[in-house]
Amino acid sequence: MSFLCRLIPRPFRRRTGAKMTTVHMPRDTAAATHTATPTISTPANITDNDDLAKLNHDRIVFILPASRAKAPDGDGYLIYSLNETSPETIKTDGEDDDEKQQPPFQLEVTHAPQLPEDSGLAQFLLRYPAEGEGFQLPPPHLRSDPHIIVSTRSGIRLAVPFYEVVLRPLLDALGLEAAPDSTLNNTKSEVGGCGYNVTITENEHTIRDFASAHLTKDKTRKRTIVLLSGDGGVVDLLNGIGEAQEHHDTDEVPTVGILPLGTGNALFHSLHKLEYGRYPEGKGPSSLVLGLRTLFGGRPERLPTFKAEFSKGARLVGAPKPIAKDGEVEDEDDGKGWKEVDHLVGAIVASYGFHASLVWESDTPAYRVHGDKRFGMAAGELLKVSHAYDADVEVRVKGQEGFKPLVAKRKGEESGKYDYVLATMVSNLEKTFTISPYSKPFEGQLRLVHFGDVGGEKTMEIMQAAYRGGEHIKMVEVGYEEVDAVKVIIKEEDPRWRKVCIDGTIVEVEQGGWMKVGREKGERLKVLVA
């Protein structure tokens, strides 16, 4: 691939004409970028079709006419491709700086004088019809007051280098530049011309505060949010917006483009499941390439949501403290700093039992550096304990008034003990973990997956079956049904076993308290899909 050259911007600051564009970052995120000061070179020119045929189509983000981007002579086409490094070779915080490391991302740009008809490259050409004749850039949804949100703590903390090395130069190629006054606490939403604002998260409240400040006011303005985060970023936006809105002709619901840089990325993988299905197993574009293609060429669709309500005394909780050797949670400072909450809005999952405990107890710095492997590591510890959760589960189905106990109780549920209670609107919790195989994107149907006190070994069997395309729903121990709403009454005495999970956010419910989950009407967000 010697004919390719890498196009990587200078980190954090670059010169645009006579002005300097600065992206302001919290001091503790600089170490997370893993980028050194690079150079920008001119794309190499390909004149041989054999060389052009060597391009890996799965890595191509888009192709632009060279006349619309920075090219040697303005002729031909620029082909933008993303190379990604295996997470195992990326240095993480605390490792020796002298150790050899690979940059997590490399954006490659290839200049080709033509796109042969038999090359298959024309499908990646980025063009948007203009009024009248011809085409224009950037895409329509990126002309609508765009705002980039970079979550510094998502996943293994690669959102900042992804913005610097990949997204920013791609936006630049489309004629979009960060606003000169784009700062973390910027309250100015008008960027003027072809530009965008950037928010680099400073803490767990940044995204929700942004939504409250910018997305709850003028609902007649079109807005596009590009979210470099995991599922937590989506739920923060949803809960910062306010109440869901019935559609009015003059209302404009914000549109979100997701670049999946979290751990599980459940919403992204579920919404793009059909795209993954176009390719043989283990083949096709990566999640980030697919996310970029969707960002620049996708369409907005209404995002279905649910509302989870909690009994009095429920509290939002942060990351857990280490579990002591005897299996008990260490002192939690009497809940100091925790915030009472009566409801949350979600679009992915509401759970109690094994799943909620797994999400909570795996959310430590020691586990997070392992990416999605952290779930398996934490699961092993939980399965050793093999705790059965003391709860009553009630559901409301279509045509039924009020909640009633589950009719089809499964093995182990007769005694009021559950290992797993999970309501979801999506099919996948990870790319290959299919928790609800009948769920389809945007249908808005809530489905309940549950099983009783079956023991650690059988729980592991059920989880492994979910990795085989959702085969767990065929197992006699597992219940799986459509519901309009579900209510879980939690009877546990130990607070360790009273955690519930809403799209990755953890809430602790009082003993004897409850969580109720039901579908929402109206609309809070649109999301870009391929």
Side-chain angles (χ1 to χ4, degrees), residues 227 230-231 233-235 237-239 241 243-247 251 253-258 260 264-278 287 290-291 294 298-309 344-351 355 395-400 403 406 408 420-450 466 469-474 478-487 501-504 515-530:
L227 197 57
D231 297 320
V234 179
V235 71
L237 280 179
L238 286 171
N239 285 282
I241 287 174
E243 293 302 315
Q245 300 293 319
E246 295 293 343
H247 179 72
D251 287 351
V253 175
T255 295
V256 176
I258 303 171
N265 301 303
L267 181 60
F268 180 88
H269 293 315
S270 296
L271 296 181
H272 290 81
K273 190 170 184 177
L274 294 177
E275 288 300 307
Y276 289 130
R278 299 174 189 267
S287 299
L290 187 54
T294 302
R299 69 185 191 280
E301 293 283 353
R302 172 186 173 271
L303 179 64
T305 56
F306 60 80
K307 189 173 187 177
E309 299 175 274
L344 286 173
V345 178
I348 304 165
V349 62
S351 71
H355 176 267
V395 297
R396 188 177 72 238
V397 298
K398 188 175 181 179
Q400 173 184 303
F403 287 93
L406 277 174
Y420 205 87
V421 181
L422 183 146
T424 184
M425 281 185 160
V426 303
S427 60
N428 286 55
L429 299 186
E430 302 171 30
K431 185 175 181 179
T432 58
F433 188 82
T434 307
I435 191 62
S436 179
Y438 295 165
S439 293
K440 297 179 178 61
F442 308 111
E443 69 172 348
Q445 177 62 58
L446 200 61
R447 288 182 170 84
L448 181 66
V449 182
H450 58 95
E471 291 185 359
H472 62 295
I473 66 169
K474 302 175 183 178
V478 179
Y480 180 53
E481 53 246 282
E482 293 184 3
V483 297
D484 279 352
V486 60
K487 180 178 182 179
C501 172
I502 310 298
D503 289 7
M515 169 182 71
K516 290 192 294 187
V517 182
R519 295 184 296 172
E520 272 201 316
K521 295 181 180 179
E523 190 172 27
R524 290 176 183 265
L525 289 176
K526 287 184 169 67
V527 63
L528 291 173
V529 291

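Atoms considered below: every heavy atom in the structure, side chains included; atoms not considered: hydrogens, waters and symmetry mates.
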Pairs where residues 268-277 contributes a residue and the test salt bridge (charged side-chain N to carboxylate O under 4.0 Å, His left out) is met, not counting sequence neighbours: Glu275-Arg278
Residues that Arg447 engages under salt bridge (Lys or Arg N to Asp or Glu O under 4.0 Å), provided they are two or more places apart: Glu443, Glu482
Can you sort out the partners of Tyr438 under ring pair (Phe, Tyr, Trp, His ring centres under 6.0 Å), two or more places apart, ordered by chain and number? Tyr480
What distance do His472 atom NE2 and Ile435 atom CD1 have between them, rounded to the nearest 0.5 Å? 4.0 Å
How would you list, by chain and number, every residue that makes a ring pair (Phe, Tyr, Trp, His ring centres under 6.0 Å) with Tyr420, sequence neighbours excluded? Phe451
Those residues at least two apart in sequence (or on a different chain) that pass side chain to side chain donor-acceptor pair (under 3.5 Å) with Gln445 are none
Just to verify, what does Pro300 make a side-chain contact (heavy atoms from CB on, under 4.5 Å) with, not counting sequence neighbours? Thr255, Lys526, Leu528
Who passes ring pair (Phe, Tyr, Trp, His ring centres under 6.0 Å) against Phe403, sequence neighbours left out? none
Just jot down the side-chain contact (heavy atoms from CB on, under 4.5 Å) partners of Asp503, sequence neighbours excluded, or say none. Val235, Phe306, Ala347, Ile348, Val349
List for me each residue that meets side chain to side chain donor-acceptor pair (under 3.5 Å) alongside Arg302, sequence neighbours excluded, and say none if there are none. none
Could you list the residues that satisfy ring pair (Phe, Tyr, Trp, His ring centres under 6.0 Å) with His272, not counting sequence neighbours? Phe268
What pairs with Glu309 under side chain to side chain donor-acceptor pair (under 3.5 Å), at least two apart in sequence or on another chain? none
List in chain and number order the residues that pass side chain to side chain donor-acceptor pair (under 3.5 Å) with Thr434, two or more places apart in sequence or in another chain; answer none if no residue qualifies. Asn428
Here the gap from His355 atom NE2 to Leu429 atom CG, rounded to the nearest 0.5 Å, amounts to 5.0 Å
